[in-house]
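Since the structure comes first, as structure tokens, the remarks are kept for the end.
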Amino acid sequence: MLIGNRNMMHKTGMPLLFFLLLFLLAACRPARYPQVLQEADSLASACPDSAVALLHGLRAEMAEERRAVQMYYRLLCIKAQDKAYIPHTSDSAVLSVLHYYEDRKDRRHLPEAYYYAGRVYRDLGDAPQALDYFGKALEAMPQGGMLPLRGKVLSQMGTLFYRQSMYPEALEMYKNSLACDSARGDTAGIIADWVNMGLTYKCLGKPDSMRIYCLLAYRLNRNMKLPFYSGDIAGRLSWAYLSEQKYDSAKLFLQEALQSANNKNGDALYITAGILYQTLGQADSAAWYYQRLLHAKSIYAKRVAYGNLAQLALEQNNLGKALNYLHNHNLYADSIQKVTDTEGIRRMHTLYNYQLREKENHRLKSINEKNVHYIIYLSIGIIFLLAITIYYFRKRRKIWNSRILAIAQIKDEIYQRSRQCIHDNELRACLNFKV
């Protein structure tokens, strides 16, 4: 009867165990999202404007989805907007997504959420907060993993330092970004890293290094036929040659950059053009480029434009215009001062480095503790084995001693018997002789 019940339990328990294993395997797998969201994610990098439009059309549909899908959808909206160079004007959307992934300790999406939080705060002008989130993004990544995102984070940190005139720190970040991009063969990333390093070397008083790195980027870009960067790199090369007072080469690359349909950094190019023509004494051409900069979105570009226009007006003895331009220059300089918190970002960078050191110390301490435990366990094991070995040899020695003693006793008995036999034989021989 017991055997029958056991067989019944076995027959009913096996399917139950099978389904339980399937459930556990399903629970361990990453959450699957609608195919359209995965397509939008891929589209965000290649064609962000199309991704923005696609995601906008899915808003009503996504409102009916489960919360995990909704949060992934919101993250993609932030990502597509960022890729499309649409400035972030609020942190409410990214913070809700970030808190969701933080609460769940989601290692899959949390690093990316931290990265875009940093991008949002960079657009909002809060450099220390942006740096803090970029640092958290690096900490949330698995060691040596997520190289594409790691390279972008390091590059963004370099740009933050660059804008705060912290050039040695910026250069270090750009070099680390280059290491990530080189490790995975990202040509576009390598080109951008070289250009950024060149600009940083220029600010460190090494214009020849800027020219060298920009030339490397220019040649690699032409060999790989990546037209997206052609105008930008030619503009940077023009600036490099201008810094070295090689005006013919500067003008040659400037014309190439101006003719390029793929120049994404028009502000920097117009600044280069204005300064070049101002240096060559062509005030009207210089003023034309500075006037175009007055309509730029960047307050940095406007500050440069107003300052140089004031200088041109002074050279023409037009004091009224010069004072007006100078007034606007000071207004934008004050605006830049408000969004520039060099001390704050230095403190954040110091804190970040301290946290890295603490993390490394904790890791080394953990390794040392493990090594101590290992040594203790190994010592206990050796002592235990030594005790067993001593016990074994002592036991074997006792056995051998008892055997040797037994053999000696047997030998002594044989000897005594032999002597007794000899004595008996001698006695019999004497008796026979007397008879």
Side-chain angles (χ1 to χ4, degrees), residues 26 29-104 106-124 130 133-134 137 140-141 145-153 155-156 159 181 184 186-189 191-192 224-232 260-266 297-298:
R29 292 178 62 186
R32 295 187 65 84
Y33 300 111
Q35 183 66 28
V36 66
L37 291 186
Q38 298 179 35
E39 293 173 357
D41 193 1
S42 301
L43 195 61
S45 299
C47 191
D49 293 332
S50 299
V52 170
L54 174 61
L55 291 167
H56 181 75
L58 295 172
R59 182 176 299 174
E61 181 182 340
M62 290 297 110
E64 305 298 325
E65 286 285 353
R66 67 186 190 275
R67 186 162 177 77
V69 174
Q70 290 179 4
M71 287 301 167
Y72 180 55
Y73 167 75
R74 293 181 189 179
L75 177 61
L76 289 181
C77 288
I78 298 167
K79 178 178 181 178
Q81 179 179 331
D82 187 79
K83 294 285 187 181
Y85 295 99
I86 300 173
H88 302 285
T89 57
S90 171
D91 61 356
S92 57
V94 74
L95 287 181
S96 65
V97 173
L98 185 58
H99 293 157
Y100 173 81
Y101 289 125
E102 279 182 328
D103 292 341
R104 283 154 184 77
D106 188 324
R107 292 296 180 182
R108 181 182 178 188
H109 297 300
L110 186 56
E112 194 170 27
Y114 278 133
Y115 169 71
Y116 285 109
R119 292 280 293 178
V120 168
Y121 280 102
R122 191 204 68 165
D123 283 356
L124 295 177
Y133 279 122
F134 287 142
M141 296 179 199
M146 303 184 76
L147 287 181
L149 182 60
R150 185 181 295 275
K152 288 192 291 186
V153 171
S155 179
Q156 288 298 311
T159 301
D181 294 331
R184 63 191 193 90
D186 181 2
T187 303
I191 291 172
M224 300 303 296
K225 298 180 179 179
L226 301 175
F228 179 81
Y229 292 103
S230 57
D232 289 330
S260 173
N262 297 296
N263 196 325
K264 301 297 181 182
N265 201 357
K297 294 180 180 179
S298 169

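Bear in mind that the values here come from a model prediction, so they are computed numbers and not experimental data. One is the number of the first residue; the rest follow in order along the sequence.
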**Item:** Sequence-distant partners of Arg119, salt bridge (Lys or Arg N to Asp or Glu O under 4.0 Å), two or more places apart
**Value:**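 Partners of Arg119 by the salt bridge (Lys or Arg N to Asp or Glu O under 4.0 Å) criterion, ordered by chain and then number, come out as Asp82.
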
For this session: Mind checking salt bridge (Lys or Arg N to Asp or Glu O under 4.0 Å) for Asp41 and listing every partner two or more places apart, or none if nothing turns up?
Result: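 Checked Asp41 against salt bridge (Lys or Arg N to Asp or Glu O under 4.0 Å); matches are Lys79.
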
Is the backbone N or O of [Y] less than 3.5 Å from a side-chain atom of [X], with the two atoms forming a donor-acceptor pair by type?
{"X": "Arg107", "Y": "Ala140", "value": "yes"}
{"X": "Gln70", "Y": "Ala63", "value": "yes"}
{"X": "Ser96", "Y": "Ala93", "value": "yes"}

Between Tyr33 and Tyr72, how do the two ring planes meet: parallel, tilted or perpendicular, split at 30° and 60°?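 Parallel, since the angle between the ring planes stays under 30°.
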
Once the angle between the rings of His109 and Tyr101 is folded into 0 to 90°, is it parallel (under 30°), tilted (30 to 60°) or perpendicular (over 60°)?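 Ring orientation, 0 to 90° scale: tilted.
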
* Stepwise, does the side-chain contact (heavy atoms from CB on, under 4.5 Å) test hold for Tyr121 with Tyr133? -> CA-CA 9 Å; Tyr121 280 102; Tyr133 279 122; 3.5 Å; yes

field: For Glu39, all residues meeting side-chain contact (heavy atoms from CB on, under 4.5 Å), sequence neighbours excluded
entry: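 So Glu39 forms a side-chain contact (heavy atoms from CB on, under 4.5 Å) with Gln35.
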
Show me the donor-acceptor pairs within less than 3.5 Å that the side chains of residues 49-60 make with the rest of the protein, sequence neighbours left out.
| residue | atom | partner | partner atom | Å |
| --- | --- | --- | --- | --- |
| His56 | ND1 | Arg59 | NH2 | 3.2 |

If every non-hydrogen atom of [X] is compared with every non-hydrogen atom of [Y], which pair is closest and at what distance?
{"X": "Ala80", "Y": "Pro48", "value": "O-CB, 3.9 Å"}
{"X": "Pro87", "Y": "Asp123", "value": "CA-OD2, 3.7 Å"}
{"X": "Asp181", "Y": "Gly151", "value": "OD1-CA, 4.4 Å"}
{"X": "Pro34", "Y": "Glu65", "value": "CG-OE2, 4.0 Å"}
{"X": "Ala130", "Y": "Gly118", "value": "CB-O, 3.3 Å"}
{"X": "Ile78", "Y": "His88", "value": "O-CE1, 3.7 Å"}

Fill in: Distance in Å, Arg67 CZ paired with Tyr73 OH, rounded so as to fall on 0.5 Å steps
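That separation rounds to 15.0 Å.
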
- How far does CG of Leu43 sit from CD of Gln38, to the nearest 0.5 angstrom?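 Atom-to-atom, Leu43:CG and Gln38:CD are 13.5 Å apart.
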
- Non-neighbouring partners of Arg184 that pass side chain to side chain donor-acceptor pair (under 3.5 Å), sequence neighbours left out: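 Residues passing side chain to side chain donor-acceptor pair (under 3.5 Å) with Arg184: Asp186.
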
Do [X] and [Y] come close enough that some side-chain heavy atom pair is under 4.5 Å?
{"X": "Met62", "Y": "Leu37", "value": "yes"}
{"X": "Gln156", "Y": "Val153", "value": "no"}
{"X": "Leu110", "Y": "Arg104", "value": "no"}

Q | Tyr114: partners by ring-ring contact (aromatic ring centres under 6.0 Å, His included), with sequence neighbours left out | A |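 Testing Tyr114 for ring-ring contact (aromatic ring centres under 6.0 Å, His included), a comparison that skips the adjacent residues, returns none.
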
